[in-house]
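Before any comments, here is the structure.
Values in this document were obtained by computation on a predicted structure and should not be read as measured data. The figures here come from the full heavy-atom set of this structure, side chains too, leaving out hydrogens, waters and symmetry mates. Both counts, for ligands and for their atoms, begin at 1 and track the order of listing.
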Amino acid sequence: MLKVKNLNSGYGKLHVLYDVSLECEKGEIISVIGPNGAGKTTLLNSIFGIANIYSGSITIDGKETTRLPAYVISRMGVAYVLQMLNVFAQLTVEENLRISAAYSKVKDINKATEKIYEIFPILRERKKQLVGTLSGGERQMLAISIGLIRNPKILLLDEPTAGLMPLYVKMIANKIKEIRDMRGISIILVEQNVQKALELANKVYVLVSGQIIFKGSPSELKEKHEIMKLYLGVGE
Ligand SMILES: Nc1ncnc2c1ncn2[C@@H]1O[C@H](COP(=O)(O)OP(=O)(O)O)[C@@H](O)[C@H]1O
Ligand SMILES: [Mg+2]
């Protein structure tokens, strides 16, 4: 589905990612974890065509997307849920959803919106409410829904649980799993919540200073006490 090979990328002269390779199959959740500033967001930006790629390649379903503009990558079925500024605060919940659906040429917008409300019933209750009045957790659910309503093959999520209350962290984590299982979408999940990332992921990548220092299953990573402690701040 998604293949990143020996990617070197950054912003202008700021080289951020070094020889990053990563693969995500259909219906899989890949978690990317690592310290602040490691380049996690830059990896998503690179996949979505909004960072400078110096070398390496990115393919989606075997088609090369390296250096294609974001709108083309989006049309190929990639939805990117940014960490911040991912909703229109001055519009209602339903308006946010309908705009996203319309923009991505979803045929039956009512049906698509209804499907979202089935996954996130709380958004149905809030549908006439201005997004600026929602709680952080509700906003994040809406942000994910805005991506989801476009029916993506690949969903890029940048720290969807950051700064949320434990109740919402749990709820959103469950929904992410549900979305994967229900729709068979591939999800690249960038997380600072190591516990959640390990709980959700089929495969984990640890990114430190722009390089992948670990790739494997969550249980394999848990055995790597040094990495867990040194880079992820978990364990004694
Ligand atoms: N849009 C940008 N323009 C220029 N530099 C950026 C931009 N976004 C991030 N950076 C820089 O790239 C490096 C990696 O940042 P980032 O990918 O955001 O890390 P993470 O998401 O792991 O915290 C940092 O040095 C950061 O300052
Ligand atoms: Mg980031």
| Which atoms of ligand 1 have any heavy atom of N36 under 4.0 Å away? | 23 (O)
| task | Can you pull out the closest protein heavy atom to atom 18 (O) of ligand 1? Residue, atom name and distance to 0.1 Å, please. | result | T41 CB, 3.7 Å
| query | For atom 12 (O) of ligand 1, which candidate among I33, V16, L43, I50 holds the nearest heavy atom? | reply | V16
| query | Which protein non-hydrogen atom lies closest to atom 27 (O) of ligand 1, naming both residue and atom, and how far is it? | reply | L14 CD2, 4.8 Å
| For L2, the option from I30, T59, I58 that meets side-chain contact (heavy atoms from CB on, under 4.5 Å) | I58
| message | Using 2.8 Å as the threshold, say whether any N, O or S atom from T41 sits that close to the Mg ion (ligand 2). | response | yes
| request: Scan V87, L142, T113, T133 and name whichever one has a side-chain contact (heavy atoms from CB on, under 4.5 Å) with V93. | output: L142
| query | Is atom 16 (P) of ligand 1 close to the protein, meaning a heavy atom under 4.0 Å from it? | reply | yes
| task | Around atom 19 (O) of ligand 1, find the nearest protein heavy atom and jot down its residue, atom name and distance. | result | G39 N, 3.2 Å
| Within the distance-only criterion (no hydrogens, no angle test), does the side chain of N96 pair as donor or acceptor with the backbone N or O of F88 below 3.5 angstrom? | yes
| Looking only at side chains, do E94 and T92 share a donor and an acceptor under 3.5 Å apart? | no
| task | Quick one: closest heavy-atom pair of A51 and Y11, and the distance? | result | CB-CE2, 4.1 Å
| task | Mark up the atoms of ligand 1 that fall under 4.0 Å of a heavy atom belonging to P35, in ascending order. | result | 22 (O)
| query | Which protein heavy atom lies closest to atom 1 (N) of ligand 1, and at what distance to 0.1 Å? | reply | Y11 CE2, 3.7 Å
| query | For ligand 1, is G37 a contact, meaning one of its heavy atoms is under 4.0 Å away? | reply | yes
| remark: Between P218 and A201 the two heavy atoms that sit nearest each other are CG-O, 3.3 Å
| Does ligand 1 have any atom that is closer than 4.0 Å to a heavy atom of A51? | no
| Any chance the side chains of Y80 and N86 put a donor and an acceptor closer than 3.5 Å? | no
| task | Mind running side-chain hydrogen bond (donor to acceptor under 3.5 Å, both in side chains) on E191 and T161 for me, showing each step along the way? | result | CA-CA 8 Å; E191 260 299 341; T161 69; 2.9 Å; yes
